[in-house]
Engineer: 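Got a structure for you, questions after.
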2 protein chains.
Amino acid sequence: MTLGQKIKELREQAGMFQRELASQLEIGDGFLSKVENNQKTLKREHLIKISELFNCSISELEALWIGTKLYEIIKDEQEGLNALKVAEQEIIYRKKYDIL
Amino acid sequence: MTLGQKIKELREQAGMFQRELASQLEIGDGFLSKVENNQKTLKREHLIKISELFNCSISELEALWIGTKLYEIIKDEQEGLNALKVAEQEIIYRKKYDIL
DNA sequence: TTTAGACTTGACTGATTTAGGTCAAATGTA
DNA sequence: TACATTTGACCTAAATCAGTCAAGTCTAAA
């Protein structure tokens, strides 16, 4: 699940058109279309608005927001999955020894 | 293991000084120092040179190169680990259904 | 079958960020 | 003291961000 898919899902479940959601977010509907298709990214502040509008978890949206960015970086990479593991191990290692 | 650590390790195992490796890579030694401490990133082409110089796997270097970049993005993120999972699931999903 | 409305797409833009460095001074160390 | 390394300040070109707008496409319904 990407952020774009999630936003589209939330919007449709609320029976809302792109135009309406776009205006709530104060962006154009063409831009929102691209966001839903992961061709453009929203500002982080927009996630707050979305979580309020659809009453959903901001943490989940943030995970999708960052995760979709990461995916865009590695999607055409041979070593994409291994790169994810490198990053994961590093996070785990730092946590273990409490290095900030 | 980050790319910086790896490079330092390879360099020291070869008994080489930063100045020497830096000159092989045609960069300044101050810059290499930052690379080894993950404050700056090398160009991708540099990885090839390094793999030749130390006779090590280019794939591993690339995984570390991308992975260290990903780590820099998520290291201060609450949802960092979840974001990695989002990206991983997306890769796996696309592979499963053969979506390019 | 026309047409209205929902959505997608392509071309473009200006501001901001990042990439990929340099150099000199400060610091660590044998 | 000499040499290796780290750090901070700075730099420029290129890329990315966060959009707009108009034209094109898709799909129901009249």
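None of the values given here were measured: they were computed from a predicted structure. The sequence lines fix the lettering, A, B, ..., with proteins before strands; numbering per chain opens at 1.
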Engineer: Between B:Glu26 and B:His46, is there a side-chain heavy-atom distance shorter than 4.5 Å?
Structural biologist: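 B:His46 does not reach B:Glu26 side chain to side chain.
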Engineer: Report yes if a side-chain nitrogen or oxygen of B:Gln18 is closer than 4.0 Å to either non-bridging phosphate oxygen (OP1 or OP2) of D:dT6; otherwise report no.
Structural biologist: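 Answer is yes, contact under 4.0 Å.
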Engineer: Classify the nucleic acid contact of B:Gly28 as base, sugar-phosphate or nothing, counting any heavy atom under 4.0 Å across all strands shown.
Structural biologist: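 The residue B:Gly28 makes sugar-phosphate contact but no base contact.
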Engineer: Distance check needed: C:dA19 P versus B:Leu32 CG, whole Å only.
Structural biologist: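 It works out to 18 Å between those atoms.
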Engineer: Can a side chain N or O of A:Thr41 be found less than 4.0 Å away from OP1 or OP2 on D:dC17?
Structural biologist: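 For A:Thr41, the contact criterion (side-chain N or O under 4.0 Å from OP1 or OP2 of D:dC17) is not met.
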Engineer: Which is more 5' along DNA chain C, the nucleotide nearest A:Glu36 or the one nearest B:Asp29? Just name the residue.
Structural biologist: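 Checking each residue's closest nucleotide, the 5'-ward one belongs to A:Glu36.
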Engineer: For B:Phe17, which residues count as a ring pair (Phe, Tyr, Trp, His ring centres under 6.0 Å) partner, sequence neighbours excluded?
Structural biologist: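 Here no residue qualifies.
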Engineer: Any donor-acceptor pair under 3.5 Å between the side chain of B:Lys69 and the base of C:dT18?
Structural biologist: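 Between C:dT18 and B:Lys69, which were checked side chain against base, a qualifying N/O pair under 3.5 Å is absent.
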Engineer: Return yes when atom NZ of B:Lys69 has more than 12 non-hydrogen atoms of other residues, nucleotides or ligands closer than 6.0 Å, and no otherwise.
Structural biologist: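 Yes, NZ of B:Lys69 has more than 12 neighbouring heavy atoms, counting only those of other groups under 6.0 Å.
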Engineer: If only side-chain N and O atoms of A:Gln39 are considered, is one of them under 4.0 Å from the OP1 or OP2 phosphate oxygen of C:dT8?
Structural biologist: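 It does not, given that no N or O in the side chain of A:Gln39 lies less than 4.0 Å from OP1 or OP2 of C:dT8.
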Engineer: Report the distance from atom CG of A:Asn38 to atom C1' of D:dG19, rounded to the nearest whole Å.
Structural biologist: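 Going from A:Asn38 (CG) to D:dG19 (C1'), I get 17 Å.
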Engineer: Under 4.0 Å between a Lys/Arg side-chain N and an Asp/Glu carboxylate O for B:Arg94 and B:Glu90?
Structural biologist: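 Yes, B:Arg94 and B:Glu90 are salt-bridged.
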Engineer: In whole Å, I'd like the distance from the CD1 atom of A:Ile27 to the C1' atom of C:dC7.
Structural biologist: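 Between C1' of C:dC7 and CD1 of A:Ile27: 14 Å.
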Engineer: Take atom CD of A:Glu20 and atom C1' of C:dC7, then tell me their distance rounded to the nearest Å.
Structural biologist: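 Atom CD in A:Glu20 sits about 14 Å away from atom C1' in C:dC7.
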Engineer: Do the non-hydrogen side-chain atoms of A:Arg44 and A:Ile66 ever get within less than 4.5 Å of each other?
Structural biologist: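 SC-SC contact between A:Arg44 and A:Ile66 confirmed.
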Engineer: So, the side chain of A:Asn38 versus the backbone of A:Lys34: is there a donor-acceptor pair under 3.5 Å, distance only?
Structural biologist: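 Side chain of A:Asn38 to backbone of A:Lys34: no pair is present.
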Engineer: Taking only the side-chain nitrogens and oxygens of A:Arg19, find out if one of them lies under 4.0 Å from OP1 or OP2 of C:dG5.
Structural biologist: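 It does not, given that no N or O in the side chain of A:Arg19 lies less than 4.0 Å from OP1 or OP2 of C:dG5.
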Engineer: So, do B:Leu53 and B:Leu21 sit near enough that their side-chain heavy atoms are less than 4.5 Å apart?
Structural biologist: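 In short, these two side chains touch, coming nearer than 4.5 Å.
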Engineer: Could you check which residues of residues 42-67 of chain A get a heavy atom under 4.0 Å from DNA chain C? Sort them by number, please.
Structural biologist: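 None, since no heavy atom is under 4.0 Å.
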Engineer: Please state how far atom CZ in A:Phe17 lies from atom P in D:dT27, giving the value in whole angstrom units.
Structural biologist: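 Taking CZ of A:Phe17 and P of D:dT27, I get 16 Å after rounding.
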Engineer: Does B:Lys40 or B:Asn37 map to a spot on DNA chain D nearer the 5' end, using the closest nucleotide for each?
Structural biologist: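 It is B:Asn37 whose nearest nucleotide is closer to the 5' end.
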Engineer: Any N or O donor-acceptor pair under 3.5 Å from the base of D:dT20 to the side chain of A:Lys34?
Structural biologist: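 Under the 3.5 Å cut-off, the side chain and the base do form a donor-acceptor pair.
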Engineer: What is the nucleic acid contact for A:Phe31, judged by heavy atoms within less than 4.0 Å: base, sugar-phosphate only, or nothing?
Structural biologist: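 Touches a base.
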Engineer: Check whether any side-chain N or O of B:Ser33 sits under 4.0 Å from OP1 or OP2 of D:dT6, and answer yes or no.
Structural biologist: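 Yes, because at least one side-chain N or O of B:Ser33 sits under 4.0 Å from OP1 or OP2 of D:dT6.
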